[in-house]
Amino acid sequence: YKNPHYASGRTTMVHLFEWKWDDIAAECERFLGPRGFGGIQVSPPNENLVIWSRNRPWWERYQPISYRLVTRSGNENQFSNMVRRCNNVGVRIYVDAIINHMTGTWNENVGTGGSTANFENWHYPAVPYGRNDFNWPHCVITGSDYNCCPDRVRNCELSGLKDLNQGSDYVRQQILNYMNRLIDMGVAGFRIDAAKHMWPHDLRVIYDRLRNLNTAHGFPSGARPYIYQEVIDLGGEAISRNEYTPLAAVTEFRFGLELSQAFQRRNQLRWLVNWGPQWGLLASGDALTFIDNHDNQRGHGAGGNILTYKQSRQYKGAIAFMLAHPYGYPQLMSSFAFTDTEAGPPMNSRGDITSPTINADNSCGNGWICEHRWRQIHNMVVFRNTAGNGALTNWWDNGSNQIAFCRGNQAFIAFNNDAWDMDQTLQTCLPAGTYCDIISGARSGNRCTGKSIVVGSDGRALIIHRSNEYDMMVAIHRGADSRL
Ligand code: LAG
Ligand code: CA
């Protein structure tokens with residue numbers, strides 16, 4: 001369950017938060033496929049409660065009312081078309097699976113597909129679930145439960161959301177029918193929402209009954225779905241992420257927290273010399289890594305002082321480090337603009353999500369940020385693909401916030417997060433030649449639209465990077481868009 005089954009040479013997925021299926025299919029064909037992205041995490045595809053009383057917040061999608069594939073992102077047909085079209089251009093789909101709970105009690109009671117529920121009786125007829133399918137006695141998780149009481153964290157309600165009993169064979173079967181249907185449609189894996197709130201043993205039973213990935217969509221025979229479990233473990237809680245790594249991969253929340261600190265200069269970049277398990281991070285193969293996610297970019301979930309698109313210079317620095325460094329399986333966040341932390345995606349008065357528009361410079365409009373379309377970010381995806389399994393070599397630092405390193409004779413990157421200029425001759429590990437910096441521009445024909453860097457026959461290059469430049473890093477590699 002720890003292999004994403006990316007198409008060959010691909011390494012990175014992006015969370016297209018609240019995107020519609022038709023728009024994702026188009027994005028696969030016009031951008032993600034051609035630019036080497038490995039996959040997409042999509043918002044929950046199953047029917048959720050419509051919450052007009054809070055003006056359709058983003059979090060209504062974390063309140064399932066059935067497993068029918070009808071949401072604001074589209075219907076079942078649109079979903080399965082998207083999966084096919086994306087797989088056809090080498091981009092995998094990963095589904096955010098909410099299997100810990102159903103909706104909480106609410107003053108509204110219609111789903112995105114028209115289903116209703118009877119909250120007082122724990123009755124979800126469109127599944128169907130009834131009282132016996134939930135955990136008893138009824139209880140709600142409190143803050144102190146995380147320190148004392150694993151059983152309460154798993155058997156009580158998470159913010160009042162009706163807590164399913166995954167120990168029940170009937171419940172397991174409903175969940176499996178849902179997930180296996182998605183696998184048959186060609187999805188490559190799942191984010192397991194709220195995994196900490198389910199018993200590892202029950203999850204293991206569910207994972208083991210999932211079907212193999214669909215070979216008609218290009219997966220090798222016998223391939224198991226990629227599973228990354230959302231377990232927030234910043235240390236000191238009664239439940240440890242180590243209870244989940246024997247099952248499948250785990251979201252590494254400490255990763256984005258530490259890098260956010262470092263790139264905000266609350267820690268010197270030079271300490272990243274031993275970035276990885278020595279920092280208390282998971283084993284690389286167990287870790288789904290990211291800077292921000294849909295929760296902590298708006299102060300939900302793990303919280304912390306996390307970099308987002310709003311502090312773009314530092315954010316691009318942290319993302320570039322994530323993509324340049326060999327540790328982990330990276331996921332990019334692609335956001336809609338927000339100030340209100342509860343607000344849902346751009347929509348019209350009927351509540352329909354409005355599509356992103358694409359500007360001439362490749363950026364998005366209509367309220368969509370599309371971090372994945374920022375040149376500095378998508379060019380670093382190609383950097384990571386080009387670096388492949390190459391080891392990190394030739395670490396250099398100035399004893400402060402200037403660092404540089406190579407990836408296996410394929411790629412080189414240097415960061416300057418100090419308040420003074422960088423002026424150094426460094427070993428790049430690349431063959432002699434002129435390379436285009438893929439941060440300030442790219443190669444266009446036989447010239448660079450941004451900076452160029454000349455590597456000598458000894459592999460060394462003079463790297464001058466001012467502290468006041470637009471971005472804090474320069475990056476070059478042997479791929480076509482960097483090498484002249
Ligand atoms: C998750 N991971 O474990 C999701 O990443 C996170 O976004 C989900 O919470 C949560 N678990 C449940 O799937 C989000 C919001 C919550 C919201 C919840 C359900 O962060 O704020 O709760 O989705 O929509 C909301 C209200 C609560 C209310 C609850 C039940 O904010 O006040 O009690 O709904 O109606
Ligand atoms: Ca639970």
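Counting starts at 1 for both ligands and their atoms, in listed order.
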(request) Give a yes/no verdict on a cation-pi contact between R92 and Y6, requiring under 6.0 Å between NZ or CZ and the six-membered ring centre and an angle within 45° of the axis. (result) no
(message) For W59, does the six-membered ring have the charged nitrogen or CZ of R61 within the cation-pi criterion, i.e. under 6.0 angstrom from the centroid and within 45° of the normal?
(response) no
(message) For the CH2 atom on W136, are there more than 12 heavy atoms of other groups (residues, nucleotides or ligands in this structure) within a distance under 6.0 Å?
(response) yes
(message) Can you see whether N48 engages Q63 through a side-chain donor-acceptor pair at a distance of less than 3.5 angstrom?
(response) no
(request) Can you label the angle between the F255 ring and the Y327 ring as parallel, tilted or perpendicular, going by 30° and 60°? (result) parallel
(request) Look at the N, O or S atoms of N165, main chain and side chain alike, and state whether any lies under 3.0 Å from the Ca ion (ligand 2). (result) no
(request) Would you please say whether a donor-acceptor pair under 3.5 Å links the side chains of S355 and K20? (result) yes
(request) Look at the rings of H294 and Y62 and say which category their plane angle falls in: under 30° parallel, 30 to 60° tilted, over 60° perpendicular. (result) parallel
(message) Check this for me: does any side-chain nitrogen of one of E237 and K196 sit under 4.0 Å from a carboxylate oxygen of the other?
(response) yes
(request) Determine which of the N, O or S atoms in H197 is closest to the Ca ion (ligand 2) and give its atom name. (result) O
(message) Using 3.0 Å as the threshold, say whether any N, O or S atom from L158 sits that close to the Ca ion (ligand 2).
(response) no
(message) With respect to the Ca ion (ligand 2), please indicate if D163 possesses an N, O or S atom at a distance under 3.0 Å.
(response) yes
(message) Just to confirm my numbers, could you give the angle made at the Ca ion (ligand 2) by O of R154 and OD1 of N100, rounded to 10°?
(response) 160°
Go ahead and list the nitrogen or oxygen contacts between ligand 1 and the protein that come in under 3.5 Å, distances to 0.1 Å, or just say none.
from	atom 1	to	atom 2	distance (Å)
ligand 1	2 (N)	D193	OD1	2.8
ligand 1	2 (N)	E230	OE1	2.7
ligand 1	2 (N)	E230	OE2	3.2
ligand 1	3 (O)	A194	N	3.1
ligand 1	3 (O)	E230	OE1	2.4
ligand 1	3 (O)	E230	OE2	3.4
ligand 1	5 (O)	R191	NH2	3.0
ligand 1	5 (O)	D193	OD1	3.3
ligand 1	5 (O)	H294	NE2	3.3
ligand 1	5 (O)	D295	OD2	2.4
ligand 1	7 (O)	H294	NE2	3.1
ligand 1	7 (O)	D295	OD1	2.6
ligand 1	7 (O)	D295	OD2	3.3
ligand 1	13 (O)	H101	NE2	3.2
ligand 1	13 (O)	D193	OD2	2.9
ligand 1	20 (O)	H300	ND1	2.6
ligand 1	24 (O)	W59	O	2.6
ligand 1	24 (O)	Q63	NE2	2.9
ligand 1	33 (O)	S159	O	2.8
ligand 1	34 (O)	Q63	NE2	2.6
ligand 1	35 (O)	Q63	NE2	2.9

